[in-house]
Engineer: 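Let me give you the structure first, and then I'll get to my questions.
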Amino acid sequence: MTHEAVTTDEPDGPNEVCSIQRSLDVLGQKWAFLIVRNALRGTTKFSDFRRELGIPTDMLSARLAALVDAGIFERESYRETGSRTRYAYLLTRRGQELKVVLAALQQWGEANRPAPGVPATYIQERGGGNVHVVMVNDKEDVLHIDDVRLVSAELAQRIRSTR
């Protein structure tokens, strides 16, 4: 008896329990992260995203629409003199919160996939200090990576109930 693996690229949907899967349903393609990265740097116009990223127009349209639908961007209309109405794409609070995710990816990449030159970086708004992504517990103690593990919700509940 043979078993064929059934695979699908369809997302599991909003009822999926795993928050990682639900996040990847929206952000699971590199273009989504690169669009958000550029927005965090100040890009808002479709033409600027296209020029800066070199992304095909149809793909950029689809990614921006998905990011708007997910509440990561909001569209704001504007009109330059002599032109038709266009839209600026502004990060929402939800989109701004992706700073942590992108900073963690960048930090990992700098440590594990270094490139020549000096990469863009995150700095503290007041004072310009360097920023590092870390894990902290409820008491805000910084944890070592070896002291943290991903467990099922059921196991986490059992562990917490024995405290």
Side-chain angles (χ1 to χ4, degrees), residues 1-44 49 53 55 59-76 87-115 118-163:
M1 182 171 172
T2 61
H3 297 282
E4 292 184 29
V6 177
T7 60
T8 178
D9 288 334
E10 293 299 314
D12 292 327
N15 295 327
E16 168 62 41
V17 174
C18 178
S19 55
I20 295 171
Q21 176 67 45
R22 289 191 320 277
S23 299
L24 289 173
D25 287 347
V26 175
L27 299 165
Q29 297 179 351
K30 79 171 186 176
W31 291 118
F33 280 110
L34 295 176
I35 291 166
V36 171
R37 177 202 64 190
N38 281 35
L40 287 168
R41 292 178 179 168
T43 303
T44 60
F49 283 116
L53 296 171
I55 182 175
M59 190 172 292
L60 178 57
S61 293
R63 293 285 95 51
L64 283 170
L67 293 167
V68 168
D69 289 346
I72 294 168
F73 281 98
E74 60 186 12
R75 288 179 3 154
E76 183 178 282
Y87 293 96
Y89 294 87
L90 307 173
L91 285 168
T92 62
R93 182 67 185 167
R94 185 179 289 180
Q96 287 287 336
E97 290 172 355
L98 286 168
K99 250 183 232 183
V100 176
V101 176
L102 289 172
L105 281 171
Q106 182 169 345
Q107 186 172 305
W108 182 89
E110 288 172 5
N112 295 285
R113 307 265 308 156
V118 179
T121 192
Y122 291 87
I123 61 168
Q124 187 175 357
E125 189 71 33
R126 293 187 187 113
N130 292 325
V131 175
H132 304 278
V133 178
V134 297
M135 292 184 164
V136 297
N137 62 17
D138 293 339
K139 297 175 186 174
E140 297 191 17
D141 300 321
V142 175
L143 305 174
H144 187 274
I145 198 72
D146 294 333
D147 294 330
V148 179
R149 68 179 170 136
L150 180 62
V151 298
S152 69
E154 295 80 14
L155 179 56
Q157 188 173 14
R158 285 197 308 266
I159 292 169
R160 289 181 185 125
S161 68
T162 61
R163 282 203 245 176

Engineer: Counting heavy atoms not belonging to Ile159, are there more than 12 under 6.0 Å from its CD1?
Structural biologist: yes
Engineer: Please assess Leu98 against Arg37 for the test side-chain contact (heavy atoms from CB on, under 4.5 Å), listing each intermediate value before the final yes or no.
Structural biologist: CA-CA 9 Å; Leu98 286 168; Arg37 177 202 64 190; over 6 Å; no
Engineer: Applying side-chain contact (heavy atoms from CB on, under 4.5 Å), can you list everything that pairs with Asn130, at least two apart in sequence or on another chain?
Structural biologist: His132
Engineer: Kindly indicate whether the side chain of Glu76, heavy atoms from C-beta on, has any atom under 4.5 Å from the side chain of Tyr87.
Structural biologist: no
Engineer: Counting N and O atoms only, with roles assigned by atom type, does the side chain of Asn112 sit under 3.5 Å from a partner on the main chain of Trp108, one being a donor and the other an acceptor?
Structural biologist: yes
Engineer: What is the minimum heavy-atom distance between Val100 and Val133, and which atoms define it?
Structural biologist: O-CG2, 4.1 Å
Engineer: To the nearest 0.5 angstrom, please state how far the CE atom of Met135 sits from the CD1 atom of Ile145.
Structural biologist: 4.5 Å
Engineer: Does Phe49 reach the side chain of Ile55, with side-chain heavy atoms less than 4.5 Å apart?
Structural biologist: no
Engineer: Considering residues, nucleotides and ligands other than Arg149, do more than 12 of their heavy atoms fall under 6.0 Å from its CZ?
Structural biologist: no
Engineer: For the backbone of Ala70 and the side chain of Arg94, can you confirm whether one donor and one acceptor N or O come within less than 3.5 Å of each other?
Structural biologist: yes
Engineer: Between Leu91 and Ile72, is any pair of side-chain heavy atoms under 4.5 Å apart?
Structural biologist: yes
Engineer: To the nearest 0.5 Å, what is the distance between CD on Gln107 and OG1 on Thr121?
Structural biologist: 9.0 Å
Engineer: Below 4.5 Å, heavy atoms only, C-beta onward: do Ile35 and Tyr89 meet side chain to side chain?
Structural biologist: no
Engineer: Hey, could you give me the CG/OG distance between Asp25 and Ser19, rounded to the nearest 0.5 Å?
Structural biologist: 11.0 Å
Engineer: Kindly say whether Gly71 contributes a backbone atom to a donor-acceptor pair with the side chain of Thr92 at under 3.5 angstrom?
Structural biologist: yes
Engineer: Is the shortest heavy-atom distance from the side chain of Leu27 to the side chain of Leu67 under 4.5 Å?
Structural biologist: yes
Engineer: Say you draw a straight line from CZ of Phe33 to CG of Leu40; how long is it, rounded to the nearest 0.5 Å?
Structural biologist: 11.5 Å
Engineer: Side chains of Val151 and Arg158, heavy atoms from C-beta outward: is any pair under 4.5 Å?
Structural biologist: no
Engineer: Check the pair Leu102 / Tyr122 against side-chain contact (heavy atoms from CB on, under 4.5 Å), numbers first and verdict last.
Structural biologist: CA-CA 10 Å; Leu102 289 172; Tyr122 291 87; 3.3 Å; yes
Engineer: What residue among Leu64, Val68, Leu90 forms side chain to side chain contact (heavy atoms under 4.5 Å, CB included) with Arg75?
Structural biologist: Val68
